[in-house]
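The structure appears right after this line, and notes come after that.
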Amino acid sequence: MAYNFKEIEKKWQTKWEKEGTFNAKNDYSLKKWYGLIEFPYPSGQGLHVGHPRSYTALDIISRMKRLQGYNVLYPIGFDAFGLPAENYAIKNNIHPSIVTEQNINHFKEQLKSIGFSFDWSREINTTDPNYYKWTQWIFIQLFKKGLAYKTTMPINYCTSCKVGLANEEVVNGVCERCGGEVIQKEKSQWMLKITEYAQRLIDDLDEVDYLEKIKTQQKNWIGRSEGAEVNFKIEGTDKNLLIYTTRPDTMFGATYMVVAPEHSIISELQDKITNLDEIEKYKELAAKKSDFERTEISKEKTGVEIKGIKAINPLDGNPIPIWVSDYVLITYGTGAIMAVPAHDTRDYEFAKKFNLPIKQVITNKENTASIDQEAYTDTDNGILINSGFLNGMNVQDAVKAVIAHLEKEHIGKSKVNFKLRDWVFSRQRYWGEPIPMVYCKECGWVPLDEKDLPLKLPEVKEFLPGENGESPLAKETDWINTTCPHCGGKAKRETDTMPQWAGSSWYFLRYMDPHNDQALASKEAIDYWGPVDWYNGGMEHTTLHLLYSRFWHKFLYDIGVVSTKEPYAKRTSHGMILGNNGEKMSKSKGNVVNPDEIVDEFGADTFRTYEMFIGPFDQSTPWSMESLRGCHKFLDRVWNLTTILQDGDSYSKEFEKMMHKTIKKVSEDYENMKFNTAVATFMTLINEFYKAKKINKAEFNTFLILLNPIAPHITEELFSLNGNTKTIAESSWPTYDESKTIDDEIEIPVQINGKLKATVIVALDSDESTVKKLVHDKVSHLLQGKTVVKEIYIKNKIYNIVVR
RNA sequence: GCGGAUGUGGCGGAACUGGCAGACGCGCUGGUCUUAGGAACCAGUGCCAAAAGCGUGGGGGUUCGAGUCCCUUCAUCCGCACCA
């Protein structure tokens, strides 16, 4: 009988779907395990071969955990708001909800054809009003706690499409869609105060089991730095210039100050400034530059001295000139710095260009540090010079001494800064969650009453954004005009919508209790299922989605909705699947592999096996059709094991050790996501069976259960053909006996001067004298005429003879 | 520039705390069965004609012993980019 994967896969998928085999149980007394994959955006292109890599990985672990007795939650849903559907709608004049529904249906069909053990009864969709009701509810809670606020922020604006763009849509400084020029435009935006959680987002990483590179990337993104804020008096005024520095120890070396072009000091002291025209001109020039130009063409520094005002160094009383330059950013620190060109590379470059004085205040222990060619920035070996009361101190002590002095004199204080910025939460778009806020002339911004949620998206005829980058909703006057929930007077609705990150920031909570209409999920469900035990996803989401959802979860923790500080106990990441030429798959390169075609031609089990065998799970690997065929051949050989099947209810003496070793190896490999070596182990094992030309029923059953998480259909079919009345899904995970995984005879390599010359077979744990005799019998001819200097025997490992 | 990875046969990749480098798969070579084979099975396959020798990007080092540890250097990929 040939391996008819089409028939087999259909049969089992139908059964699973009909019986809800993999649905999580609502019995909260069972031990639980919650596995999560990033729910897909249902794009028009359908599933990419990258999606199933992550889904299969956690599917394997979910299936194993179920057989190990856990109540497993392995859910699926769709993150369906977003730009592609909206752009498609604009082009073809179809409502995004229709396109979205079609795409979701296509995705579901594809996902089901691969045989994932998702709990489909808990499927969610972020565009469902019953879902986004709670996204809006969370926003209102954030607003009530002062963590959502409105402010004017520059946004990316495409001058050709007349549309506000997200950062992701700006590629190399031009509009991703039309290639038009992108400029900065001031716009009032909703912001979320993620910065308030910056420290906790760093600290609590200690509590979770994330890959180290994920933690590092998040920490770098949050960008904590310790330093000091210092007030510099402006000569002849009562004004101060507040600066931030991480190197207060170098204060005696400050030879000029720099403020960002947008800094308020310029307008505040405009009467004193003698070259105001020149400054204004520079400001204008800087404002015209897009973010792209400001960073990309940053090699050459520009700037103008602000004439007429000078700052006073509070440590030595010396007057210092003030410059304006766009290498200082208004958004970081205080928007002003003291420049210490001798010990900062950017200041050095600026000082060289404008011939500003460079004063060295740090040298090394030998006093040979030179600043002739570049700034001296070594903080580990630095010693203070030319610095009054700091002279002779090392950098660390000097930092402390300066801060103590500043605080005593009330001219400065230690200060921690973060690179992390607040989260721009508005999009001038249609296909997103409406922000549930109204503006009342009397009461200001007022949230909707919670009983009025969800605030549904109005049906509109046109999805084109308005002039000046307004949201398409700005044209819906009937919808906009409303009454104030607070005073009952006339009010207008917010017309911006939420970004795509909103719905995905809390979706894992909804899976716990997806049909609840009283709360985002019941407290019992949250207490039972939380936190997510294992979350796998792409590295590209480390600094956005992963950080955003941790932030929301911490907020929900603070208001008592969830009971754990962190949403995910464990986070891992998969590598990309590349085209067969080693490049990223893309239509234009013509190297895209369509999962449907693979499933159709080779079957879901082959597809899954290959996705796991393709290479180390956390690394990028190219796709290879030949290797895929190899996996199909492997499953063919698994199928044909029936031709050498023999009776036997327990492991045969011959294979007992091998079976115990395999159970151990495979179980550990799954748990450690070393799927490629797990598959290799199976291949080795069946090669052994074929070599012996036999396998008995007990061995076959164990083999099938172990392989089941990777290839669930073929193994269930063979399991049933092997005379089992239960299915694998109803069985238990095999256990192994550690003592039976240990060999009693070991082959010991024999080296002479570290070079392999022979091997000897000895009993486990043999002592040195026994082995020595065997070894010398074997290699005596190689030792003739040589002097043995030393012999090293490491039990059960190696025997090395050193000769001269 | 900063941060994170990764460099092992013709290819994808194995190798636990330093202990037989190349598991497993692909490809290739030869064979069996075939009218035929992008089928199946068997044997072989790091390099070199070779016992010897050489081999984990390059160069040093530690060690009885290094793919693995240390120093240094090069290359490729990804992320961030004037964060004071």
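Everything quoted here is computed from the prediction, not taken from an experiment. Letters go in sequence order (proteins before strands), and every chain restarts at 1.
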Report which part of the nucleic acid [X] touches: base, sugar-phosphate, or nothing (heavy-atom distance under 4.0 Å, all strands).
X: A:Ser620; result: sugar-phosphate
X: A:Lys584; result: nothing
X: A:Glu747; result: base
X: A:Thr543; result: nothing
X: A:Ile801; result: nothing

Taking atom NZ of A:Lys589 as the centre, report whether more than 12 heavy atoms of other residues, nucleotides or ligands fall under 6.0 Å from it.
yes

Looking at B:rC82, does its base get a donor-acceptor pair with the side chain of A:Lys301 below 3.5 Å?
yes

Residues forming a side chain to side chain contact (heavy atoms under 4.5 Å, CB included) with [X], sequence neighbours excluded:
X: A:Lys415; result: A:Glu229, A:Tyr244, A:Asn417
X: A:Gln217; result: A:Met539, A:Thr542, A:Thr543
X: A:Asp209; result: A:Lys570
X: A:Lys353; result: A:Glu300

Just name whichever nucleotide pairs with [N], Watson-Crick or G-U, keeping both distances under 3.5 Å, else none.
N: B:rG79; value: B:rC2
N: B:rU8; value: none
N: B:rG30; value: B:rC42

Nearest-Å distance once atom [atom1] is located in both [N] and [M]:
N: B:rC33; M: B:rC41; atom1: C1'; value: 9 Å
N: B:rC74; M: B:rA21; atom1: P; value: 31 Å
N: B:rG9; M: B:rC2; atom1: P; value: 30 Å
N: B:rU8; M: B:rG13; atom1: P; value: 9 Å
N: B:rG18; M: B:rA39; atom1: P; value: 45 Å
N: B:rG60; M: B:rA66; atom1: P; value: 14 Å

Assert: residue with more 5' nearest nucleotide on RNA chain B, out of A:Ile748 and A:Lys790, is A:Ile748

In terms of the nearest nucleotide of RNA chain B, which residue is placed more toward the 5' end: A:Thr759 or A:Phe418?
A:Thr759

Closest to side chain of [X], choosing from [options]:
X: A:Asn800; options: B:rG53, B:rC64, B:rA84; value: B:rC64
X: A:Asp326; options: B:rC82, B:rC54, B:rA84; value: B:rC82
X: A:Ile798; options: B:rC54, B:rG19, B:rC64; value: B:rG19
X: A:Tyr327; options: B:rC82, B:rA84, B:rA15; value: B:rC82

Heteroatom pairs (N/O) under 3.5 angstrom, protein to nucleotides 21-32 of chain B:
residue	atom	partner	partner atom	Å
B:rG25	OP1	A:Asn687	ND2	3.2

Identify, with sequence neighbours excluded, every residue that meets ring-ring contact (aromatic ring centres under 6.0 Å, His included) alongside [X].
X: A:Tyr348; value: none
X: A:Tyr610; value: A:Trp623
X: A:Phe602; value: A:His632

Could you give the side-chain donor-acceptor pairs of residues 673-682 of chain A under 3.5 Å, partners two or more places apart or in another chain?
residue	atom	partner	partner atom	Å
A:Thr677	OG1	A:Asp669	OD2	2.8
A:Thr677	OG1	A:Lys674	O	3.0
A:Thr681	OG1	A:Thr677	O	2.7

Contact list (N/O, under 3.5 angstrom) for nucleotides 67-69 of chain B vs protein:
none

Could you tabulate the donor-acceptor pairs under 3.5 Å formed by side-chain atoms of residues 744-751 of chain A, not counting sequence neighbours?
residue	atom	partner	partner atom	Å
A:Glu747	OE2	A:Thr759	OG1	3.2

How many Å lie between CG on A:Asp669 and P on B:rG13, as a whole number?
17 Å

Can you tell me how far C1' of B:rA39 sits from CZ of A:Phe602, to the nearest Å?
14 Å

Between protein and nucleotides 2-10 of chain B, what N or O pairs are separated by less than 3.5 Å?
residue	atom	partner	partner atom	Å
B:rG3	O2'	A:Asn220	ND2	2.6

Less than 6.0 angstrom separating the ring centers of A:Phe689 and A:Phe655, yes or no?
yes

Looking at the angle O4'-C1'-N9-C4 for a purine or O4'-C1'-N1-C2 for a pyrimidine, is B:rG9 syn or anti, with syn meaning within 90° of 0?
syn

